[in-house]
Chemist: 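Got a structure here, written out as structure tokens. Questions coming.
Naming: A, B, ... by sequence-line order, numbering from 1 per chain. Small disclaimer: the values here were computed from a predicted structure and weren't measured.
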Protein chains: 2
Amino acid sequence: MELIKITVYGLNFFARYIILSVTGYTGKVRHLATIRDVASEAGVSVATVSRVLNGKGYVNENTRKAVEAAIRKLAYKPNEVARSLYHHQSKLIGLVIPDITNPFFPEIARGVEDFFQEEGYHVMIGNSDESREKEVNYIEAFSQHNVMGIISTSSDDISQWAGLDIPVVLLDRIQDDFPSVCADQEAGGKLAAQILLERGSRNITLMRGPHHLRTAQERFLAALTELGRSSARFQVLNTAFSYHHALETAKQLFDCYPDTDGIIAANDMVAAAVLREALARGKKIPDGLQIIGFDDIPISQLVYPALSTIHQPAYEMGMEAAKLLLECMHQQTNLKKKIKLSIAFKDRETTRKEGG
Amino acid sequence: MELIKITVYGLNFFARYIILSVTGYTGKVRHLATIRDVASEAGVSVATVSRVLNGKGYVNENTRKAVEAAIRKLAYKPNEVARSLYHHQSKLIGLVIPDITNPFFPEIARGVEDFFQEEGYHVMIGNSDESREKEVNYIEAFSQHNVMGIISTSSDDISQWAGLDIPVVLLDRIQDDFPSVCADQEAGGKLAAQILLERGSRNITLMRGPHHLRTAQERFLAALTELGRSSARFQVLNTAFSYHHALETAKQLFDCYPDTDGIIAANDMVAAAVLREALARGKKIPDGLQIIGFDDIPISQLVYPALSTIHQPAYEMGMEAAKLLLECMHQQTNLKKKIKLSIAFKDRETTRKEGG
DNA sequence: TTGAAAGCGCTACCAT
DNA sequence: ATGGTAGCGCTTTCAA
């Protein structure tokens, strides 16, 4: 067979033929080496090549050498699609998150990707925008591509997934029947309240995130409980997580409760909005007003004063979820393991110094 | 054939058999309906089913109805992997970006995804970390999965890709032989300088981003030229794009040039760092010191004072790149079209008011 | 130790 | 207008 050598990124490939149009390449004519090419190059059967490829079954040492040489010579890469068709498996993982544009999720996505990258998997990401329809859509697409597992941050009731035969792990969400990883929201909420109390706030505004988000409610409830135990005065204010909505809420906050001397924000985005509004109104931070956020998104370190916040280990959460999913994939059984990662207080500039 | 009905997300699926272990599902036993199941359900051949599926070839109206009914009844979804194997095509797009954790890229990724989502494609994202090795790795993986096109923000010399037969469009980067979309860096750099000059800065520090990034150099050069034309005093300072490095550079900046009254930052991350340091040193902004950023990442609106900056339409860039790629895919020829999106000045709080 | 061949799910050609 | 069938690239019995 006549092979044409083409060089991609310094790696050599061999094609049976290439058609180049004057204005560029054309699409459908590629023919990278197949297993048959390797077989004939090495003078063996495809079965043998397959054996050396997968390292299973007997194959003579010399034959193996020959095949490996042929593989190298042709720069042969097995076609994942064909493999996938046969096995009903692929080297693909599906990840659905609400919105990669929300600064909490890139770190998570990176954690997932970095872990699986190491294991030879690749991940397809879908943004659900918290819409069930989009999520279903992605799950179906994933399934059609034979993904080996799915990590989801669905907030929906997904108990019905039980019929789906692909391992699923939930990230930052919990459902009884599914393995999951999340951060300890309760400890976080409690800690936030404790810090503010300890450091001298006596009139605290507790901001409550969206009702449909379990995480938001957990941290809220824990903080609420803690405040309730104290002698401090406090009030509760609802807010959405978007920056713009939060900015509105912040205005409202300072209008209604001008004497607030401590704010527990629903998350960092909200905290940033509150901080901005507070600064605009000339509040002294942290002396006149303490603010504590939640999440520790990259932005928190970047504002001035830097935001004191409850750190959720987003990257690690992604990693752990990935690790757990891999376990499920190997065991071929849903482990129902629930991993709760611990949070930590990041003592930055919007809270007073210890003992203050 | 005996079918078991399973419900996923309110949608019904039919499987030939399911094995459920007590602790959960097992992995490999799925059998969603195939084209053969549909055929036998409808009492026709697979060829006929294929025809109605793809809407090509003659098929009697009644037959079509019957097939469609069967499809619905079995909740049949064509197996993308099998299709892909036959066609050497898939409904997949590859996107490689440096790092999704860098706030400039989520918007871009979202633009790409939203566009292709609409067209029935799904995108695989890879983080290259600016490493050639990782990038090659992803390109190969994409290729092995028969992606139909690739969008890349590679900064490497990729002229060698010419051998690759998959359409590629470059995003935020330019190479002679490839179609690309980017924002008008020159106009941006020039505009930034003009704004600062117009608004009264007379001693400007121009920060220069990493040398290997063409975009950074273009905007730098344009700003430099503009400053050179003016009578203002100015100096140049090199910086990396990471926040921490930028913070160091910022300290250095104020140590060496305490009289600076205007800073053109290499990007918003750097601007935020500078802003932070300036605030920490008690500078009056914008009266004593103007700062202008570049990119308009979400953070910019969120710091206080909000960052005046040159807006790059990241989301739109993603969209346009996707659109262009689709064009290339359809025409099966590399269009060599270069799209340059225009930038705009976001007049926020780190620059003085017009005429100031 | 190796090879021939069936088949994964689908499409497209060629008959009918 | 419809069906039979080869074949996409690969893996895996089953024979040899």
Chemist: Need one value for A/T48: base, sugar-phosphate or nothing, where a base atom within 4.0 Å counts as base even if backbone is also close, heavy atoms only.
Modeler: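 Sugar-phosphate, backbone atoms only, no base.
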Chemist: Counting only heavy atoms and a strict 4.0 angstrom limit, can you tell me which residues of residues 60-70 of chain B come near DNA chain C?
Modeler: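 Contacts with DNA chain C under 4.0 Å: none.
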Chemist: Heavy atoms from C-beta onward define the side chain here; which of D/dT2, C/dT2, C/dA5 lies closest to that of A/R51?
Modeler: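 Shortest atom-to-atom distance from the side chain points to C/dT2.
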Chemist: Side chains of A/E320 and A/Y315: is there a donor and an acceptor less than 3.5 Å apart?
Modeler: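 No pair is found: no donor N or O on one side chain lies under 3.5 Å from an acceptor on the other.
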Chemist: Please tell me whether B/F142 and A/H122 form a close aromatic pair, meaning their ring centres lie under 6.0 Å apart.
Modeler: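 No.
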Chemist: Are any of the side-chain heavy atoms of B/L325 and B/P167 separated by less than 4.5 Å?
Modeler: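 They are in contact (side-chain heavy atoms under 4.5 Å apart), so the answer is yes.
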Chemist: Which angle, to the nearest 10 degrees, lies between the helix axes at the two ends of the helix from C/dT1-D/dA16 to C/dT16-D/dA1, each defined by five pairs?
Modeler: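 Between the axes fitted at each end of the helix from C/dT1-D/dA16 to C/dT16-D/dA1 lies an angle of 50°.
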Chemist: Go through C/dC10, D/dT12, D/dT11 for me and flag the one nearest to the A/R83 side chain.
Modeler: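 Closest of the options to the side chain of A/R83: D/dT11.
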Chemist: Do you know which two heavy atoms are closest between A/E68 and A/V52, and how far apart they sit?
Modeler: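 Nearest pair, atom of A/E68 first, then A/V52: CG-CG2, 4.4 Å.
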Chemist: Determine, for A/K336 against A/D176, whether the closest basic-nitrogen to carboxylate-oxygen distance falls under 4.0 angstrom.
Modeler: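 Looking at A/K336 and A/D176, the cut-off is not met.
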Chemist: From the options D/dC10, D/dG3, C/dC10, select the nucleotide whose nearest atom is closest to the side chain of A/P78.
Modeler: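 Looking only at heavy atoms from C-beta outward on A/P78, the closest nucleotide is D/dC10.
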Chemist: Counting any heavy atom closer than 4.0 Å, what does A/V81 reach on the DNA or RNA strands: base, sugar-phosphate only, or nothing?
Modeler: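 No contact at all - A/V81 keeps every heavy atom at 4.0 Å or more from the nucleic acid.
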Chemist: Just to verify, what does B/F115 make a ring-ring contact (aromatic ring centres under 6.0 Å, His included) with, not counting sequence neighbours?
Modeler: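 Listed in chain order: nothing, the list is empty.
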Chemist: For the residue pair A/N146 and A/S84, confirm or rule out a side-chain donor-acceptor distance under 3.5 Å.
Modeler: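 Side chains of A/N146 and A/S84: pair found under 3.5 Å.
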Chemist: Which whole-number value in Å describes the distance from A/R36 CZ to D/dA6 P?
Modeler: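 Result: 15 Å.
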Chemist: Under a 3.5 Å cutoff, is there a donor and acceptor pairing between the side chains of A/S152 and A/E135?
Modeler: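 Side-chain D/A pair, A/S152 to A/E135: present.
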Chemist: Would you indicate which nucleotide in C/dA12, D/dT11, C/dG3 comes nearest to any side-chain atom of A/Y86?
Modeler: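 Per side-chain heavy atoms of A/Y86, the pick is D/dT11.
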